[in-house]
Every structure is written in structure tokens, then in C-alpha cells.
Amino acid sequence: QVQLVECGGGSVPPGGFLRLTCAMSEYANTRMAWFRQAPGQEREAVAALAYDPDYTYYASSVRDRFTISRDNAKLFLQMNSLRPEDTAIYYCATYPQSIQARLPDFYEIDSWGQGTQVTVSS
């Protein structure tokens, strides 16, 4: 099973930006996604990417602010115009090729990273 390690989280003021990186232990021909979980809330998918051909999917709450991308064994999430409601632990995840044309649900995930904290506060 592929191992995932996230980095790039931190604390920024509203309107700020962060770039999260997820490093895979090996290249895998799999779909990938970013999830987040705020205190007391369910883990939710915010962005997903299918590789070759490239398709991207976004939750409505982050569309036009977040961008998911991949470079071989690394997955990125560029987060712009951050809001306090974006505060959460962000997780990198892999999921099967069979799940198409939508964001995955948390129970469909094959591998999880350990998470990285993002805090948006003035």
C-alpha cells in the first residue's frame, strides 16, 4: 500500500494562501484527492484528480479558490483566498480508478496521509 506524507500546512490570515504537498512513497496509477476535517465535523473531499487523462473535481465551497495538481509521485493543493471556514486538518488520499466523475466518499479511500493542520485566523 502506498504511503502518503503531507506538508505545507500552517496559520495564515483571511485572504492568505498556502500550498500543500503530498509525497507518495512510490508512483501509483491511482486517483488522488484532498480531504479535510474540521473539529466536530465529518471528513469531506474538497478536490480530486484523475491522472491520464487529467480531470479535476472540486467541492463547491472551494471551487475557483483551490487548485489540485500532480507531478509524478507528488500531489499539490494550492489554496488561495483562504477563509476562516477553511480551517481544518487536510489529508491526502488515494482511491480506485473505478470511481469516476465525482468526488470520492471517505469510505472509498484506499490510503490516507497523516494530515496537516491549516488554520485561517486574524
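Start at 1 with the first residue, then count along the sequence.
When the side-chain contact (heavy atoms from CB on, under 4.5 Å) test is applied to A38, the partners found at least two apart in sequence or on another chain are Q41, A88. Residues meeting the side-chain contact (heavy atoms from CB on, under 4.5 Å) test with R63, sequence neighbours left out: Y58, S60. Remark: Q1 engages S111 in a side-chain contact (heavy atoms from CB on, under 4.5 Å) (not counting sequence neighbours). Considering only residues two or more places apart in sequence or on other chains, Q3 meets the side-chain contact (heavy atoms from CB on, under 4.5 Å) condition with S25. Shown here are the salt bridge (charged side-chain N to carboxylate O under 4.0 Å, His left out) partners of R65, two or more places apart in sequence or in another chain: D86. The side chain to side chain donor-acceptor pair (under 3.5 Å) check on T119 picks up Q117, with sequence neighbours excluded.
Identified under the salt bridge (charged side-chain N to carboxylate O under 4.0 Å, His left out) test for residues 71-84, with sequence neighbours left out: none. Listed by first and then second residue, the salt bridge (charged side-chain N to carboxylate O under 4.0 Å, His left out) pairs involving residues 107-117 are R102-E108 (not counting sequence neighbours). Identified under the disulfide (SG to SG under 2.5 Å) test for residues 60-122, with sequence neighbours left out: C22-C92.
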| request: Carefully, step by step, assess R36 and R43 under the rule side-chain contact (heavy atoms from CB on, under 4.5 Å). | output: CA-CA 6 Å; R36 68 184 181 188; R43 193 171 297 189; over 6 Å; no

| Verdict with supporting geometry, L49 and Y55, side-chain contact (heavy atoms from CB on, under 4.5 Å) | CA-CA 6 Å; L49 179 145; Y55 290 99; over 6 Å; no

| task | Step by step, work out the side-chain contact (heavy atoms from CB on, under 4.5 Å) result for T94 and V2. | result | CA-CA 9 Å; T94 64; V2 63; 4.0 Å; yes

| task | Starting from the C-alpha separation in whole Å, work towards a yes-or-no answer on side-chain contact (heavy atoms from CB on, under 4.5 Å) for F66 and L82. | result | CA-CA 9 Å; F66 290 12; L82 283 162; 3.9 Å; yes

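Within a 6.0 Å sphere centred on CD of E85, heavy atoms belonging to other residues, nucleotides or ligands number more than 12.
Of all heavy-atom pairs spanning T30 and R70, the tightest one is O-NH1, 3.0 Å.
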Give the table of side-chain donor-acceptor pairs shorter than 3.5 Å for residues 7-21, with sequence neighbours excluded, one pair per line with atom names and distance.
none

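Under the 4.5 Å side-chain heavy-atom criterion for grouping Ile, Leu, Val, Met, Phe, Trp and Tyr, I68 is not connected to F76 through any hydrophobic cluster.
In this structure, E6 contributes its side chain and G115 its backbone to a donor-acceptor pair below 3.5 Å. Within the 3.5 Å criterion, the main-chain N or O of N29 finds a donor-acceptor partner in the side chain of Q97.
F35 belongs to a hydrophobic cluster whose other members, connected by ILVMFWY side-chain contacts under 4.5 Å either directly or through intermediates, are I89, Y91, Y95, I99, F106, Y107, I109, W112.
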